[in-house]
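Report on the structure given below.
In what follows, every chain begins at residue 1, and chains take the letters A, B, ... in the order their sequences are listed.
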2 protein chains.
Amino acid sequence: MKSLISVSVCLLLAVTVVAQRPHPCKSPPLMVGGVTVMYPKGQVFAAERFSYDAFGERIRVRAGGVEHNKTFHVDLLMLFREEVMYEISHRNRTCQKKPLKAPFQALEIPHDATLQAQVIIGSSSGPGQGLLVNNWMGKLPAKAGDYFLTYTEFGCIPITNLYHTTGNGYFLESFWDIVIGIEDPQEFFPPDFCDTSAPMDDKDTVTDFFEALLSTAN
Amino acid sequence: MKSLISVSVCLLLAVTVVAQRPHPCKSPPLMVGGVTVMYPKGQVFAAERFSYDAFGERIRVRAGGVEHNKTFHVDLLMLFREEVMYEISHRNRTCQKKPLKAPFQALEIPHDATLQAQVIIGSSSGPGQGLLVNNWMGKLPAKAGDYFLTYTEFGCIPITNLYHTTGNGYFLESFWDIVIGIEDPQEFFPPDFCDTSAPMDDKDTVTDFFEALLSTAN
């Protein structure tokens with residue numbers, strides 16, 4: 001009973017605090033979790049487990065999915081500060097080392113984003129029944145397109161990133177099972193069988209974060 | 001501090017309780033809230049406010065949206081037990097009374113649904129940062145198609161209903177701002193300017209719930 005009252009008080013306080021207009025925010029710098037990626041134009045549907053380190057500008061992604069009705073599996077280690085991406089094959093015990101000339105994209109709401117709406121996914125009528133989120137929108141910088149971002153009010157946890165460009169249509173990322181922190185810091189090391197001193201093939205240069213995720217599925 | 005500890009205890013208890021496999025569930029019988037409807041095949045995108053009464057088998061829907069790049073607004077009162085649907089125009093102060101020969105669709109997980117996954121939308125690392133939901137799937141009874149339903153673990157609150165049929169493609173409903181209970185019971189009465197004793201035009205018979213929602217947008 002005491003717990004229930006405390007929860008109610010917490011909820012009341014929460015409602016009071018969020019009566020102020022939300023501000024753009026940065027996600028926690030260390031996270032692991034799952035993402036579902038939908039890119040209908042390229043007929044790509046994928047589920048990924050990722051480890052994210054905004055301090056070190058490093059991302060590890062293990063993805064499996066379907067592209068043009070063909071299944072694929074990839075394991076990518078992206079070291080943005082070192083400008084290197086490793087494409088790892090555990091079955092063949094091989095690594096492809098590619099130049100990565102893309103800026104690190106932190107999970108955050110840009111400062112010039114516009115608040116569309118604050119909504120509750122689910123219900124606020126009972127504890128554990130709803131999630132308070134903010135919907136943001138804005139223009140993509142380089143490409144002629146728009147972004148629509150949904151992040152939690154508390155903790156700035158990503159829920160969905162939706163990008164729309166006239167050329168490529170919709171690109172949707174839905175996040176789930178996010179845990180703050182890194183479960184295994186060695187996720188950001190290339191495996192032992194990778195030759196980290198190998199020269200890179202410049203013709204394979206990856207210049208875009210999406211491209212990095214999608215090109216490997218081909 | 002006491003509140004924080006209680007919240008932590010609640011979360012721990014919650015995790016313990018849900019260690020058991022979830023069962024199909026029924027949503028609360030009285031709800032009001034918002035839904036976003038996406039039906040790409042028919043190029044329909046709509047946002048609705050609804051009042052839902054599963055006891056009386058009554059639904060009131062006020063929807064606005066776009067169909068084939070044309071905006072529309074509808075106000076529908078569906079009385080499934082009386083087999084009547086009112087299409088209300090406040091501007092013209094008129095009502096169209098149509099026979100409604102569709103079964104009432106309760107918001108629930110069918111008994112024969114299959115659990116796909118239990119996931120947390122957002123994060124479980126902090127209070128207010130995540131929402132525990134269950135993903136269910138199954139076959140649509142009459143039509144050759146599938147459904148994918150996401151409902152909260154606590155309270156059985158609808159989050160998304162996704163229907164897929166080979167003929168009509170995807171039909172997606174996303175729920176938000178759900179409140180348990182009915183704010184105004186008079187929502188289920190036709191407005192004063194409706195002639196409830198008027199005869200019905202049998203050629204306009206609505207035999208399907210989706211049809212009821214979509215036909216009026218034409």
Side chain, backbone, both or neither: which part of B:Ile180 has a non-hydrogen atom closer than 4.5 Å to chain A?
-> both
Those residues at least two apart in sequence (or on a different chain) that pass ring-ring contact (aromatic ring centres under 6.0 Å, His included) with A:Tyr170 are A:His164
A:Thr152 portion near chain B, given a 4.5 angstrom heavy-atom threshold = side chain
Select, from A:Ser123, A:Gly128, A:Cys156, the one with the greatest count of heavy-atom pairs under 4.5 Å involving chain B.
-> A:Ser123
State, without any angle test, whether B:Gln118 and B:Glu153 hold a side-chain donor-acceptor pair at a distance under 3.5 Å.
-> yes
Contact winner vs chain B - A:Pro28, A:Gly130, A:Gly34, heavy-atom pairs under 4.5 Å | A:Gly130
Determine the interplanar angle of the B:Phe171 and B:Tyr163 rings, folded into 0 to 90°, and report it as parallel if under 30°, tilted if 30 to 60°, perpendicular if over 60°.
-> tilted
Examine whether an atom of B:Leu131 lies under 4.5 Å from a heavy atom of chain A, and if so say whether it belongs to the side chain, the backbone or both; otherwise answer neither.
-> both
Please say which of B:Leu77, B:Leu30, B:Val32 ends up in a side chain to side chain contact (heavy atoms under 4.5 Å, CB included) with B:Ser51.
-> B:Val32
Any Lys/Arg nitrogen of A:Asp75 or A:Arg60 sitting under 4.0 Å from an Asp/Glu carboxylate oxygen of the other?
-> yes
